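Fair warning: this is a prediction, and the values are worked out from it, not measured in the lab. Sequence lines set the chain letters: A, B, ... in the order given, protein chains first and strands last, and positions in each chain run from 1.
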Number of protein chains: 2
Amino acid sequence: MASYKDKGIKMTPQRMAIMEFLDGNPDHPSAEDIYMEVKEKYPMMSFATVYKTIEVLKSRGYLLELTIDPERRRYDPDTRHHHHLICVDCKKIVDIYGDFPVNVPEEAQESFELVGNHIEFYGICPECKKERRKNNGNIQM
Amino acid sequence: MASYKDKGIKMTPQRMAIMEFLDGNPDHPSAEDIYMEVKEKYPMMSFATVYKTIEVLKSRGYLLELTIDPERRRYDPDTRHHHHLICVDCKKIVDIYGDFPVNVPEEAQESFELVGNHIEFYGICPECKKERRKNNGNIQM
DNA sequence: TCTATCTCAATAATGATTATCCTTAAATAA
DNA sequence: TTATTTAAGGATAATCATTATTGAGATAGA
């Protein structure tokens, strides 16, 4: 989401700060993550503004909403088609690029008009692997 | 989730009603869907009981929680590994069985310990296709 | 049947998200 | 630059799904 200027979005310091934070951000932040971070620079920032800006960016196609984490919605500024790998422990999300040959069976193809797909990979990230090993020393899981 | 009896779950009429409703149910109902339906038979049913029963079933592995619909959590009594096709209009979810050759790239494999995957297919269901055609006659989208 | 324990139901609490409403700032054109 | 229009910001209330609490009642095993 490189050029906001000429997209018909009214620019404000708040929006610029949010967009700047999101641009190229690989962390799939939640609304709260965005709020917390941007408030550092702009202490007058309101939570409502974060949600409203998310809505604008989403509706214009500059931001994807991820429904991976059941606790909260998370956002991805990379709008290219890609997939995600999520740590089942800490919920960290990393991007997975690549084409996977996934075609639904005939019967579904006939009735539904397919428009896309998204693969969620589940795993345990390096940090949580370490954490688990440590805990296995004392606590049994 | 055929045999609840010998799973160490204390049986009550409420739980039996919920389990009966879920057993073989292909609709991926939400907590509210379950509540609404089961309340017909058991008007004294409380919403809290639905959530608690869901929790018990989930923790014992008899029920999967789907994080596909950003509005609400939905539940799947089919705990076999399978995938889902969701209608982007009405959010109807249908099961997709089949093995898909999806392997994450090397770099992710090295760091993460993979434990599973889930493919979400997006499409437009027959009913919504019809609805869209109808609307295109008058309203432009 | 008795009793310890678990479950129920009602309701309060929480947490994320959305809506409201008035003020203020940005864009556009004179 | 300034005036005017229009949309955005901020504070806060409202909403909605989900979770926690608690006293009363039911269940299962002795």
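- For the helix from C/dT1-D/dA30 to C/dA30-D/dT1, the terminal axes (five pairs an end, C1' atoms, rotation from four pairs onto the next four) enclose an angle of 40°, given to 10 degrees.
- The pair A/Lys41-A/Glu20 meets the salt-bridge criterion, since a charged nitrogen lies less than 4.0 angstrom from a carboxylate oxygen.
- A/Lys129 pairs by the side chain to side chain donor-acceptor pair (under 3.5 Å) definition with nothing, not counting sequence neighbours.
- Residues passing the salt bridge (Lys or Arg N to Asp or Glu O under 4.0 Å) test with B/Glu71, sequence neighbours excluded: A/Arg73.
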Protein proximity profile, nucleotides 13-25 of chain C - base contact B, sugar-phosphate-only contact S, no contact -, cut-off 4.0 Å on heavy atoms = ---SBBBB-----
Donor-acceptor pairs are to be reported for all side-chain atoms of residues 85-93 of chain A against protein atoms at under 3.5 Å, with residues two or more places apart or in another chain.
{"unit_1": "A/Asp89", "atom_1": "OD1", "unit_2": "A/Arg132", "atom_2": "NH2", "d": "2.8"}
{"unit_1": "A/Asp89", "atom_1": "OD2", "unit_2": "A/Arg132", "atom_2": "NE", "d": "2.8"}
{"unit_1": "A/Asp89", "atom_1": "OD2", "unit_2": "A/Arg132", "atom_2": "NH2", "d": "3.4"}
{"unit_1": "A/Lys91", "atom_1": "NZ", "unit_2": "A/Val88", "atom_2": "O", "d": "3.2"}
{"unit_1": "A/Lys92", "atom_1": "NZ", "unit_2": "A/Glu127", "atom_2": "OE1", "d": "2.8"}

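- Here A/Leu66 contributes atom CG and A/Tyr75 contributes atom OH; the two are 9.0 Å apart, rounded to the nearest 0.5 Å.
- With A/Asp95 as the partner, the side chain to side chain contact (heavy atoms under 4.5 Å, CB included) test is satisfied by one option alone out of A/His83, A/Arg80, A/His28: A/His28.
- For the pair B/Gln14 CD and C/dC6 P, the computed distance is 17 Å after rounding to whole Å.
- Nearest heavy-atom pair across A/Leu63 and A/Thr79 is N-CG2, 3.8 Å.
- Here the range on DNA chain D touched by chain B, meaning any atom under 4.0 Å from one of its heavy atoms, is D/dA17 to D/dA28.
- Checking side-chain atoms of A/Thr53 against main-chain N and O of A/Thr49 turns up a donor-acceptor pair under 3.5 Å.
- Aromatic pair A/His81/A/His118: centroids not less than 6.0 angstrom apart.
- Taking the six-membered ring for Trp, B/Tyr35 and B/Phe21 have ring centres at least 6.0 Å apart.
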